[in-house]
Amino acid sequence: MKLRLPLLLILGLILTACDQAPEETAAEFIARVEQEGNELNKELSAAFWVRNTYITPDTAILAAKAGERGLEFESRVVNQAKQYKDTDMDPQTARAIELMLRGSSAPAPNDAALRAELSAILTDMQGQYGAGKYCNAAGECRELQALEAVLAESRDYDELVDVWQGWRQVSPPYRPQYQRFVEIANQGAQDFGYKNLAELWKGGYDMDSKTFTLEARGLWNQVKPFYEELHCHVRAVLSETYGPDKVSLDGPIPAHLLGNMWSQTWDNLYPMVEPYAGVASLDVTAALIEQGYDEVRMAKTAEGFFTSLGLPALPESFYQNSMLKKPRDRNVVCHASAWDIDNGNDPRIKQCVEINEEQLGTLHHELGHIYYYLMYKDQPSVFKGGAHDGFHEAIGDTIQLSMTPTYLKQMGLVDEVVVSHEATINKQMKLALEKIAFLPFGKMIDEWRWKVFSEEIGPEDYNAGWWQLREEYQGIKAPIERTEADFDPGAKFHIPGNTPYTRYFLSFIMQFQFHKALCEASGFIGPLHECSIYNNKVAGEKLGAMLAMGQSAPWPDAMEALTGQRSMDGSAIIDYFAPLNAWLKEQNQDRSCGW
Ligand code: X8Z
Ligand code: ZN
């Protein structure tokens, strides 16, 4: 009896302690996470950078271990941040807590063994993709970029089939790992309080996930009719080229004929579909080669656009520490990426640069990420990030919209600027094959993943579910029979890499809004496809100010700062392409479109 009272008292005290406010204030908690996070980040980026630029079993061990520590940190931070939810905080602190609660694209489960497994799976899948090669019947082995070049240039139907299916042999080995990844990452999402990983991913846009789903669908519906016109015309040209037995005029297009490994952009078909043959040559690749450009000069050319806007020069370390050239003697992850190492002090890109126009474009894309890092460098870590992930993807692409014939002439990359209706249609066709063709692809990848994460598509239907969406959105089909022994989604970088993809869909819409706003700020009057903001400091200041906000405020604030609008809107991209849209409608007049 004597013992009981004190025991109850102690229990009572413990219970009261748990009821009380957390020991740290939210602001103290955020400051501690900032410091711990910065330390950890340095170590993790070192491990991941080395892994990505040197794929070996040893670097897999180091990266997986580092990833595990990152997940442990994330788990701790999110679970602690939960205590502050719905408590009284100043707006900045509340924003910081809200961002912490979002978790990452592969959220950490509470269970340590699961975290270790998750990290190991992701490291391994990425390595397998990065080291992927296809050896054909003749015993000739090629890596992804060489295979992509065949898709881009060859017009030999059977050779294209061979290379298309050959690359897709990379992914079946990790199909079981992907399935396990889905299980574990869903557990992580649930441990953070989400229904599944799809809900977590859709929760990153300052609105509830249902509203976001509708928002994205609305944007797609805005641009879909234009895509259907482009599809109709390209299909007709392909049918003429390969014959109606290979490309039928009322069905989906065989995926391997579109000039790209994933049929995501079709600009490599430009020579085949050029509306007015020979009017205004746009062959930038030839000029780059002729003038002896190398990787560094290509990067400096891209940097030159950003500095012309009044943005800072890249630090010297950028050129020392980036990987701009594919090493000859080891496996690396060639898919281009930008890295914010050491809090904006050591930004780098990793890209297997080849001397051509597409890669020059990608360099601008990557530098868009780098300039975001540089501009939000002084924000606390929790606010370092794009206003949303689509903003981060849109910056470099926005700049590319200013690479008009006039700009290219100034750079000595085209000979003459032809001003005529025909030249405009040609130029717009080339750009639409990149930007409009991409839209349904940008949309369908995460349609697939959202369904996989919510278990609407089960592991036994991964491939069938994929091709159903490929047909529904893009109007394309596999050139040969596919079965569940294949894992075609896994042959696209962002699936084993677990990078969310809706960001690119949003970016391709928003970059035209950004371009329009920056052109207006620069004082440009005229059709937007003729506007270049090169050298314009007013536009540069406006862009820089938006970048410097990072993710410190909900994205509509950043959108408003740049464009005056508070929403994403497809009318800018549609307006931009008005001349081509009219031209396509005329071409398609007597055709039956759709699939
Ligand atoms: O992955 C990228 C960038 C790196 S963030 C090179 N992009 C997407 C892709 O290649 O699939 C840029 C556009 C779409
Ligand atoms: Zn990017």
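Whatever order the structure lists ligands and atoms in, that order sets their numbers, starting from 1.
Within ligand 1, the atoms closer than 4.0 Å to a non-hydrogen atom of Ala336 are 4 (C), 6 (C), numbered from 1 in the order shown. Residue contact check: Gln264 has heavy atoms under 4.0 Å from atoms 9 (C), 10 (O), 11 (O) of ligand 1. Listed by atom number, the atoms of ligand 1 under 4.0 Å from Lys492 heavy atoms are 9 (C), 10 (O), 11 (O).
Ligand 1 has a nitrogen or oxygen under 3.5 angstrom from a nitrogen or oxygen of His335. Checked against a 3.5 angstrom limit, the closest N/O atoms of Thr362 and ligand 1 fall outside it. On a distance-only criterion, His369 and ligand 1 share no N/O pair closer than 3.5 Å.
Using the six-membered ring where Trp is involved, Trp220 and Phe505 have ring planes that are perpendicular, over 60° apart on the 30 and 60° scheme. The aromatic rings of Tyr407 and Phe305 sit tilted, their planes meeting at an angle between 30° and 60°. Relative orientation of the Phe577 and Phe226 rings is tilted, given thresholds of 30° and 60° on the angle between their planes.
Closest to atom 13 (C) of ligand 1, if we only count protein heavy atoms, is Tyr504 CD2, 3.9 Å. Of the protein's non-hydrogen atoms, the one nearest atom 6 (C) of ligand 1 is Glu366 OE2, 3.4 Å.
A salt bridge is absent between Lys326 and Glu354; no separation between the charged side-chain nitrogens and carboxylate oxygens falls under 4.0 Å. For Lys133 and Glu143, the salt-bridge test passes: some basic side-chain N is under 4.0 Å from an acidic carboxylate O. A salt bridge does not link Glu434 to Lys430: none of the charged nitrogens lies less than 4.0 Å from a carboxylate oxygen. Under a 4.0 Å N-O distance rule, the pair Asp488/Arg175 does not qualify as a salt bridge. Salt bridge status for Arg297 with Asp294: absent, with no side-chain N to carboxylate O gap under 4.0 Å.
Nearest to atom 3 (C) of ligand 1 by heavy-atom distance, out of Glu393, His392, His365, is His365.
Using a non-hydrogen distance threshold of 4.0 Å, Ser337 does not register as a contact of ligand 1.
Among the backbone and side-chain atoms of His392, no N/O/S atom is found under 2.8 Å from the Zn ion (ligand 2). Residue Glu393 counts as close to the Zn ion (ligand 2), with an N, O or S atom under 2.8 Å.
Between the side chain of Ser308 and the backbone N or O of Tyr534, no donor-acceptor pair lies under 3.5 Å.
Rounded to the nearest 10 degrees, the angle NE2 (His369) to the Zn ion (ligand 2) to NE2 (His365) equals 100°.
Only the side chain of Tyr501 comes within 4.0 Å of ligand 1, judged by heavy-atom distances.
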